[in-house]
Trainee: 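Questions regarding the structure given below will be posed in turn.
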Amino acid sequence: MTRDTMRPASAGSHSHHSADDLDLLAGLWEEARFARLPWDAPSDLKDLVEDIDNPKRVYAIHKASRRHNFQLLVQRYILQLRDGCGAEHCTTPTCFTCRKRIVGRAPIRRYNTTSARTLALHLASQDNPENDLCPTLRPSKAPPAALNSLIFVPAAKSRPRDDRISPATSKSHAVHSRLGSHKMSNDSNAMRPGLARSRSATADGDRNEGAKPGNPINGADDQKKPKEPPFTVVEQPISKDHRSFAANVFGTVAFKMLEWLTPAAIEDMSRRTRSLRGEPEPEDKDVSHTRLEPNPHNGSVSSQPKLAQESLVSLAEPCKDLTNGRALAGHGQTENGNRAPKDDLHHEPLPAARTTNHRRNSNAKVRTSSGPRPKRQLSIDPFTQDVPVDDPYSALLISPRAPGGPTDKALRAPKTAGSSLSRPISQLSSAGFFDDVSLEKMPPPKTIELKSKAGRGQLDGPERSELGSSKEPTTPSGLSSARSYSNGSAGATGQDSESEDETVLPQALSRLNAEVVDFVCDVMQEDGTAEEHMLEPPSVVKLHERAAGKGKLVRRRRRHARGYSADAKLEWKLFVEQTLFYVLSNPQSALQSFTKKGQLYDSQTLWYCMLRMTRVAPSLVFHSLWMAAASLFAPPRPLQNLRSPTTKVFPKNESSLSNLEAGRLMSICLHALIAAAPLATDSRQLYDMSRIRSHGLSLAGSGAVARQPTELCLQYDDAFTNALALRLARRLFAAIATRRSFDQLSESNSGGDENGEQDVLVPLFSQLDFLNMDAVYVLDFSFPDRALHETRVPILLLDWARAVMLNDWDGSPEVRGDGPVGGALALIETMYKKRHELLLADAQFRSDYFAERLDTVQMPVAWLSHTSTRQQLHLLDFPFIFSPSTLVSYFRSVNFSKMSRAFEESTQLLDKIDMIARTSLTPQHKEELTDRLSVAATKYLILNIRRDSVVEDAFDQLWRREERELLRPLKVHLGESAGEEGFDSGGVQQEFFRLAIAEVLNPDYGAFTVDERTRMAWFLPGSLEDEWKFEMIGLLVSLAVYNGLTLPVTFPKALYRKLLGEPVTELHHIADGWPDLASGLTSLLEWDEKDGLVQDIFARTYEFSISSLGQHITREMKPSSSHSHHHHDLTATEEWPQFPKTMAQASHLPAPHHANPPLDADVPLVTAASRNAYVSDYIRYLATVSVAPQYDAFARGFHTCLHPKSLSLLTPPLLQSLVEGVQEIDIAELKRHARYVGWDASHRAVKDFWSVVKRYDEGMKRKLLEFVTASDRVPVGGVKNVMFIVQRNGEEDDPRGRLPTSYTCYGTLLLPEYGDREVLRERLGMALENARGFGFA
């Protein structure tokens, strides 16, 4: 059962427990095998040892209770699936009542037991499985239907102990109910529970050690012969489809045990066995009056009879543990008299034929008193060690070994109703639900006082002095607790089994550190007791170098030459597992373990510790951290005080973590996930494997990433599909969204207090800042290892976030923002913003898996109307997970949708006008109506352009156009007044924009300047041109992008950053447009004053200077705003002076250069202290202040046709490629995608053509592309998106004959077949140099 707490109100709450849960914990506390510090432990560990007095912190109890609860949940689901709740208006889809109501009168088929068991196991294994239970489901009083397949047959005669079922019986799947070594006489109750527990867990070779002089009872019991039960349990033969997977897996005995060994089933089988033995049923139906008898040997109270338990153990013998494949506890190892008798059970006659009751009792796990049961508020905090005075456990639980004063040896009174476990827990433990829990019947629960903790330096009281000798003690059970050690006197009849001074509470280390982690992992690897797993490598040795000057290594005491015994290995295994669970499941202990000097360990040390632990006990580590991560959902203290008018928003008194603590705990857990991945030998492996998994693949199909071996790919798949690791990742990512919701609530509650807590991810990225000089480096690693780790951590974090998204994604572009997917996206987004510090490229954030499964047209259009909230997000809100080509497709889909809508609206209006005109209008009225509605009814945006006045005609026809006109498809008639014939299918548009942009960018036009070195255009500060012209230029660029055309322009990246709302504040933002300036400012920042003062060497004043219209303009720079660098936040004093545009303005406005500061003005020099501010202000004046009016007008025109939300899909480089295209032309790639008409690629003339073209320089390549396609730029997406057709245009023998021509609308080159290559080179070059205008295009 993997309950995942995602609602803040339910996180960390442990105050509401049912009485049955308390009984279960009480019984398990009596029965569970306690881990203790082994005798050969190094002295360094003794100071870290801590006693555990909270049952929920004991690993054996925790594991047993989880399995028990899972079984009960499966039983409830089976009841729900097969019988239903019976409510009239049930709406639970899996409830049989709801299914029956939905189908109405139609027949409905009830699930059989195997199908119900299969579905129940699936439902109970989901996160939050209780949410899918029917709220009106009532417990049934009948045993499970699976018991119908069991038949109790009286034995014809007693068989020897080792007899097996006859062949005839084996055909009917007989299961013998063998008592093994149980003794049927009443004096078997004399066996001490502690000793029986030890014997039941001993290997075959150690069984005889129980008969020692100090243990006379054992020796006497071993000589007695056990009796066989007078019945046999067989399984009723059924027909089964051996080809069915469900029948062959979920119909096996192992899975049937889930139903056979439930409390209700056990009670039913007990009645049947008593009937076969001829024993009377108890006369009193009230369990509270069950006859209890004291045990003469240990003073415990026992009840009669015990046949139900014996038959149950015999039934369970052939089965295996469902979780780890080990045999059921005590199988084949039960000893004579190793259980106290059971409570008296009801005696009912065995029915001849059982009928299925549709109200089986799915909750009958304990028998309780029929009288009123007092309420018990048991609060067992899983994250605290000390038990408060008023803790209910202080009155409920006492360790069975801890001395409780003079009353310990007295007969214990029968328990009152509701005080402890009503049904002996041995029925559950013997059923194989619980690992490391013996089969013997626990003494009836007793009122217990928890003994105060012994000193941590002491291990086990006086007996430890003996164990500390060089001789290693041999114990029957291998347990490290007091249950495993006896001083000889404890075995005497009538005495307590333990010493009065013996410390019996389970023990664990209170915290871990890097050295302790190395030690415990080395112990488990050396002993061969590490968990078998599929992570690679299966084991890890020390990867770090021990720093000089450190103390001696922590080592075990010297072992014998024959090695450690199996008991000693088991002792260490239990202790290490208990320690890992105790520390890692507690948030405070985990934080304390991996913190030094108030800071977390450095990232590599923390990763190494997790690597070691996940290679010896991965399931335990992931599960424990998953439990600790539940504290991330507890709201902060301020939020716990919030109240609504009727109830509290959050439960009170929850242990909560601050964002700093939560972030550190999250970092610890995330490093455990990173450690689960296979060890990569180089960064290339990490990149390739991340790329493979971004496609949702386990193996690479083809391409460069296919060089990674299949074995490595499968190892990655094993790690990222590990169920427990994936569960931990889902909880962590869900916690990110939850913690941010808490921050938002806290901020709104405090009125936007600026002193709020930092984001929960800040500690993680602070730890990943590998340049942080304040980091706490604990272990020494080599430089190559640290360099590889810097690459490993961010890449694997991305891979885990992607794995959760792929696992939880349902195929919809809308995802939950408060779930694991939303948290994973939040982590990826934060990493994307810090990608430069993390050394990540943009390509590493892409997940092509999603793009391949989303609709390219409808999905981005629907996204425009989607409003994202914290609860509901859209994948397109995170465009960095998509490739550039995919984003361009989405962007153009949005534009095409707007264009189609405008076209359809005009078409529909035109149809309505025609319909009205034909029916009721005169020709005169029709003409007037058509003229008035011509703007609304025109299907296209048509521009009639003359070649000698391209810009003028364009501005005249675009001025004052309505938005609905601009959004229609563009058609251009270019030069038709001069006799040119053009059919605009794209080529004429390209020609028009090429001519128009070339004219407006001409420096003589007075609107832009062009850098002589980079050929990049930028706004002219203080331009004489009106602002509306800049708006028209921006509109031209907008129309080109809207219609999918590229322009022959080159703007710096700073312009595209500003158009997308991103600030221009860094040197690398202006490096491409002003390389010399960026180089000089970089030198200023990097100058070392050891070689001279900054003001002496550079002699720069705090001024901004620029040349405009032949004049040098200089102004002293004002300090920027502390919160913003955007131009719209500038004050009036930061406005750049403009040149007068008219004579009237010139009469009263001085020229800008007239206001320059005088040469002798006292302007401050730039110093080392002010150079950073100087560079920042200089960039701001260059990109914003000096061109603010011109840019603002250009931006208004640019955003006219483009949806602002669709622009958020683009990055500055991607927008630049959309506007400008790609200037580099790959002829080999162009040849690969070219098509041919009239010949093929093997023709001589075609080969000559490509031979000539591949020798062209970049200028001639652009001319060729422009000649054929009307654009000298490759569109975004590469040459594959260019239509380039080479068509045969007859033969030409005359060297001075026809020139090559083209259809630019169709991307077709009409190439005559020339006689030789030289003629082809000459004629093609002549055509490219003199191409202008259209014949037919």
Side-chain angles (χ1 to χ4, degrees), residues 694-696 805-806 809-815 821 825 845-868 872-909 939-941 963-971 984-986 989-990 1037-1046 1060 1198-1211 1213-1215 1217-1219 1221-1222 1233 1274-1283 1305-1307:
S694 69
H695 289 272
M805 292 175 62
L806 296 180
W809 189 51
D810 59 358
S812 171
E814 297 180 0
V815 297
V821 177
L825 287 171
F845 291 88
R846 298 169 192 161
S847 299
D848 299 322
Y849 178 87
F850 302 105
E852 294 168 357
R853 288 155 178 81
L854 292 174
D855 186 89
T856 309
V857 178
Q858 299 298 330
M859 185 270 295
V861 176
W863 169 66
L864 296 178
S865 59
H866 178 270
T867 302
S868 295
Q872 195 75 11
L873 302 176
H874 199 287
L875 288 180
L876 284 187
D877 295 332
F878 308 89
F880 42 80
I881 67 175
F882 298 97
S883 65
S885 59
T886 301
L887 292 175
V888 170
S889 299
Y890 295 158
F891 177 76
R892 288 180 172 168
S893 295
V894 172
N895 295 336
F896 179 76
S897 174
K898 295 174 62 179
M899 187 181 296
S900 299
R901 190 180 304 112
F903 180 83
E904 291 172 0
E905 289 176 356
S906 60
T907 302
Q908 292 174 3
L909 181 59
K939 297 181 180 181
Y940 299 95
L941 174 62
E963 182 181 356
R964 59 178 177 176
E965 296 179 83
L966 298 174
L967 296 182
R968 295 168 186 164
L970 177 64
K971 292 292 183 182
D984 189 8
S985 292
Q989 298 175 26
Q990 287 281 11
V1037 177
S1038 179
L1039 280 172
V1041 175
Y1042 180 73
N1043 286 273
L1045 305 174
T1046 57
L1060 294 178
F1198 179 80
H1199 290 97
T1200 301
C1201 299
L1202 304 176
H1203 197 289
K1205 195 171 184 179
S1206 67
L1207 287 173
S1208 65
L1209 296 174
L1210 308 177
T1211 60
L1214 190 53
L1215 178 58
S1217 64
L1218 271 174
V1219 175
V1222 181
H1233 293 91
V1274 176
V1276 62
V1279 178
K1280 63 182 180 181
N1281 293 327
V1282 175
M1283 180 181 292
C1305 301
Y1306 307 108

Trainee: Check the surroundings of atom CZ in Phe878: do more than 12 heavy atoms from other residues, nucleotides or ligands lie under 6.0 Å from it?
Mentor: yes
Trainee: Using atom types as modelled and distance alone, determine if a side-chain donor or acceptor of Lys898 lies under 3.5 Å from a backbone N or O of Cys1201.
Mentor: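 Here the side-chain-to-backbone pair exists.
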Trainee: Can a donor-acceptor pair be found, under 3.5 Å and without considering hydrogens, that links the side chain of Thr1046 to the backbone of Gly1221?
Mentor: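 No.
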Trainee: Could you go through the side-chain contact (heavy atoms from CB on, under 4.5 Å) check for Tyr849 and Met805 one step at a time?
Mentor: CA-CA 10 Å; Tyr849 178 87; Met805 292 175 62; over 6 Å; no
Trainee: Which heavy atom of Arg968 sits nearest a heavy atom of Leu941, and at what distance?
Mentor: CB-N, 4.0 Å
Trainee: Out of Asn1043, Leu1202, Leu966, which residue meets the side-chain contact (heavy atoms from CB on, under 4.5 Å) rule with Ser1038?
Mentor: Leu1202
Trainee: So do Met899 and Leu967 actually touch side chain to side chain, heavy atoms under 4.5 Å?
Mentor: no
Trainee: Would Trp809 and Val821 count as a side-chain contact (heavy atoms from CB on, under 4.5 Å) here? Give the steps.
Mentor: CA-CA 7 Å; Trp809 189 51; Val821 177; 5.5 Å; no
Trainee: Taking the side chain as C-beta and beyond, is there a heavy-atom pair between Phe891 and Val1041 under 4.5 Å?
Mentor: yes
Trainee: Quick one: does any side-chain atom of Asp855 pair with a main-chain N or O of Val857 as donor and acceptor, under 3.5 Å?
Mentor: yes
Trainee: Does the separation of the ring centres of Tyr890 and Phe882 fall below 6.0 angstrom?
Mentor: yes
Trainee: With no hydrogens and no angle check, is any side-chain donor or acceptor of Ser847 less than 3.5 Å from a backbone partner on Ile881?
Mentor: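 Absent.
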Trainee: How close do Leu1060 and Thr1211 get, heavy atom to heavy atom, and via which atoms?
Mentor: CD1-C, 3.5 Å
Trainee: Has the side chain of Lys1205 got a donor or acceptor atom that lies under 3.5 Å from a matching backbone atom of Trp863?
Mentor: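 Checked: pair present.
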Trainee: Taking all atoms of both residues into account, what is the closest heavy-atom pair of Pro860 and Leu876, and its distance?
Mentor: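 Heavy atoms of Pro860 and Leu876 come nearest at CA-CD1, 3.8 Å.
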Trainee: Is it true that, when you exclude Glu963 itself, more than 12 heavy atoms of the residues, nucleotides or ligands shown sit nearer than 6.0 Å to its CD?
Mentor: no
Trainee: Write down the atom of Leu873, the atom of His866, and the distance for their closest heavy-atom approach.
Mentor: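 Closest heavy-atom pair between Leu873 and His866: C-CE1, 4.0 Å.
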Trainee: Are side-chain heavy atoms of Phe1198 and Leu1207 found at a separation under 4.5 Å?
Mentor: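 Contact flag for Phe1198/Leu1207 side chains = yes.
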Trainee: How many angstroms lie between CG in Leu1215 and CG in Leu887, if you round to the nearest 0.5 Å?
Mentor: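 Leu1215 CG to Leu887 CG: 12.0 Å, rounded to 0.5 Å.
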Trainee: How far does CG of Leu1045 sit from CD of Gln989, to the nearest 0.5 angstrom?
Mentor: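 With rounding to 0.5 Å, CG (Leu1045) is 5.0 Å from CD (Gln989).
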Trainee: Are side-chain N/O atoms of Asp848 and Ser694 paired as donor and acceptor at under 3.5 Å?
Mentor: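 No donor-acceptor contact under 3.5 Å links the two side chains.
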Trainee: Check Leu1209 against Leu1214 and note the closest heavy-atom contact, atom names and distance.
Mentor: O-CD2, 4.5 Å
Trainee: Any side-chain heavy atom of Leu875 within less than 4.5 Å of one from Met859?
Mentor: no
Trainee: We want to know whether Thr886 and Ser889 form a side-chain donor-acceptor pair, criterion being a heavy-atom distance below 3.5 angstrom.
Mentor: no
Trainee: What I'd like to find out is whether the side chain of His1233 reaches to under 4.5 Å of the side chain of Val1282, using heavy atoms alone.
Mentor: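 A side-chain contact under 4.5 Å is absent here.
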Trainee: For Phe903 and Tyr940, run ring-ring contact (aromatic ring centres under 6.0 Å, His included): C-alpha distance rounded to whole Å, both residues' side-chain angles, the deciding distance at 0.1 Å, then the answer.
Mentor: CA-CA 7 Å; Phe903 180 83; Tyr940 299 95; 5.6 Å; yes
Trainee: Check whether any side-chain N or O of Asp877 sits under 3.5 Å from a backbone N or O of His874 as a donor-acceptor pair, and report yes or no.
Mentor: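 Judged by distance alone, yes, a pair lies under 3.5 Å.
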Trainee: State, to 0.1 Å, how close Ala902 and Arg964 come at their nearest heavy-atom pair, and which atoms those are.
Mentor: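 Reported closest heavy-atom pair: CB-O, 4.1 Å.
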Trainee: Would you say Glu814's side chain and Gln872's backbone share a donor-acceptor pair under 3.5 angstrom?
Mentor: no
Trainee: Roughly how far, to the nearest 0.5 Å, is CZ of Arg892 from OG of Ser897?
Mentor: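 Atom-to-atom, Ser897:OG and Arg892:CZ are 15.5 Å apart.
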